[in-house]
Amino acid sequence: MLVDTDLLLKYGGFAENYAPSEIIFSEGEIPHYYYQLVTGSVKLNHFAEDDKEMIQSIVFEGKSVCELLSFTDQKFPVNAVAMAPSIVIKVPKDGFLKLIAEHQQSAVATQRYVADRLYHKFRLMQNNASKYSHVRIKGILTYFKSLSDDKTPYSYEVQLTRKQLAALTGLRIETVIRTVKKMESEKLLKIIKRKIYF
DNA sequence: TCATTAATTTGGC
DNA sequence: GCCAAATTAATGA
């Protein structure tokens, strides 16, 4: 848990439930809360020209959703959509800023988290700028595996669908399918019952 | 459960 | 890379 739940509640936080595919907030709206995910997972997406979905990021339990908006007056740059049944704690912005000011440990934790996300965003953008599809996919898989405890090869079961991999890398679904198969033949990953192990 | 919709896969251009 | 068609999985009434 990024910031202690009791602390969030103490500063005005309250829990809300979201069903899969339910929208938590939308692009262009003015942020009024700090969001922290207790359970479930949330994707941050944006729809390009012809309603092509681009997934900017996926947030898992214990982490905050777009916390950077707590520190700036910009509008939401993305939509947040629950991917699984999720519980989110919402803390009014001023309450959260007060919490941060009065609790050094939470301030540091949040700071580190923002920095870490920004770091990975750089790495992912560099991978996704590659003209090679396998570089983009490997970048995403490496990042998601780094979020888990798994270290040994083929031990990480990728929960992402082919479609989601496409939306994360900017590739077409067909390209993802074909590239992933090629990567399997090159022993970079394994596919068992359609699931990818990396 | 069955019907409908979404996702996956293959093949053609 | 894009589109169409066939197969399979997921969803919901």
Side-chain angles (χ1 to χ4, degrees), chain A residues 15-29 35-63 65-66 76-90 117 120-150 152-198:
Chain A
E16 273 196 0
N17 280 285
Y18 294 93
S21 80
E22 196 173 345
I23 294 169
I24 298 171
F25 57 73
S26 300
E27 184 175 340
E29 288 177 0
Y35 297 80
Q36 187 164 298
L37 196 52
V38 181
T39 58
S41 57
V42 172
K43 69 177 173 184
L44 302 179
N45 69 6
H46 166 78
F47 289 91
E49 319 85 66
D50 27 2
D51 71 345
K52 255 182 309 186
E53 181 187 21
M54 298 286 330
I55 298 179
Q56 294 290 345
S57 171
I58 296 179
V59 177
F60 297 99
E61 61 183 47
K63 305 300 184 185
V65 185
C66 248
F76 283 118
V78 290
N79 310 292
V81 184
M83 296 174 70
S86 304
I87 299 174
V88 176
I89 293 185
K90 293 168 67 172
R117 287 190 77 80
H120 282 106
K121 200 69 198 166
F122 272 118
R123 302 288 309 260
L124 288 174
M125 285 187 73
Q126 285 160 3
N127 283 322
N128 281 344
S130 171
K131 62 176 175 176
Y132 300 110
S133 52
H134 66 271
V135 172
R136 299 198 202 182
I137 291 173
K138 194 177 174 210
I140 289 292
L141 295 180
T142 302
Y143 170 63
F144 276 91
K145 181 165 179 170
S146 77
L147 298 177
S148 80
D149 304 324
D150 272 319
T152 54
Y154 314 132
S155 63
Y156 177 63
E157 181 181 325
V158 180
Q159 301 289 349
L160 302 165
T161 66
R162 308 289 191 273
K163 196 184 180 190
Q164 287 170 329
L165 280 173
L168 281 161
T169 54
L171 297 167
R172 298 223 134 234
I173 281 198
E174 300 93 319
T175 307
V176 170
I177 289 165
R178 286 164 176 144
T179 304
V180 161
K181 281 188 175 175
K182 200 173 171 192
M183 289 169 77
E184 183 190 30
S185 71
E186 290 165 354
K187 312 287 182 205
L188 286 170
L189 49 82
K190 279 189 180 177
I191 299 174
I192 302 170
K193 286 188 154 192
R194 293 185 165 196
K195 287 247 176 71
I196 298 170
Y197 294 84
F198 180 69

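Quick caveat: nothing in here was measured; it's all calculated off a predicted structure. So that the names make sense, note that chain A is the first sequence line, chain B the second, and so on, each numbered from 1. Keep in mind that the numbers below use all heavy atoms, side chains included, and drop hydrogens, waters and symmetry copies.
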Sort me out a list of protein N/O and nucleotides 1-3 of chain C N/O pairs below 3.5 Å, or just none if empty.
unit_1 : atom_1 : unit_2    : atom_2 : d
dC2(C) : OP2    : Arg172(A) : NE     : 2.0
dC3(C) : N4     : Glu174(A) : OE2    : 2.7

Reading DNA chain B from 5' to 3', where do the contacts with chain A start and stop? Cut-off is 4.0 Å to heavy atoms.
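Nucleotide range with atoms under 4.0 Å of chain A: dA7(B) to dG11(B).
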Tell me if a side-chain donor or acceptor on Tyr156(A) pairs with a main-chain N or O of Thr142(A) at a distance below 3.5 Å.
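Side chain of Tyr156(A) to backbone of Thr142(A): no pair is present.
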Under the 3.5 angstrom rule, does the side chain of Asn128(A) hit a backbone N or O of Leu168(A) as a donor-acceptor pair?
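Side chain of Asn128(A) to backbone of Leu168(A): a pair is present.
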Please list all pairs meeting salt bridge (charged side-chain N to carboxylate O under 4.0 Å, His left out) that have one or both residues in residues 158-186 of chain A, counting only residues at least two apart or in different chains.
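Of all non-adjacent pairs touching residues 158-186 of chain A, none passes salt bridge (charged side-chain N to carboxylate O under 4.0 Å, His left out).
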Side chains of [X] and [Y]: closer than 4.5 Å at any heavy-atom pair?
{"X": "Lys43(A)", "Y": "Glu53(A)", "value": "yes"}
{"X": "Ser133(A)", "Y": "Thr169(A)", "value": "no"}
{"X": "Glu61(A)", "Y": "Ser86(A)", "value": "no"}

Rounded to whole angstroms, how far apart are [atom1] on [X] and [atom2] on [N]?
{"X": "Ile177(A)", "N": "dA5(C)", "atom1": "CD1", "atom2": "C1'", "answer": "14 Å"}
{"X": "Lys193(A)", "N": "dT7(C)", "atom1": "NZ", "atom2": "C1'", "answer": "17 Å"}
{"X": "Ile173(A)", "N": "dA5(C)", "atom1": "CD1", "atom2": "P", "answer": "17 Å"}

Should the ring pair Phe25(A) and Phe76(A) be called parallel, tilted or perpendicular, given that the plane angle runs from 0 to 90° and is split at 30 and 60?
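Plane angle under 30°, so parallel.
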Between the side chains of His46(A) and Gln56(A), is a donor N or O closer than 3.5 angstrom to an acceptor N or O?
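On atom types as modelled, these side chains do not qualify, holding no pair under 3.5 Å.
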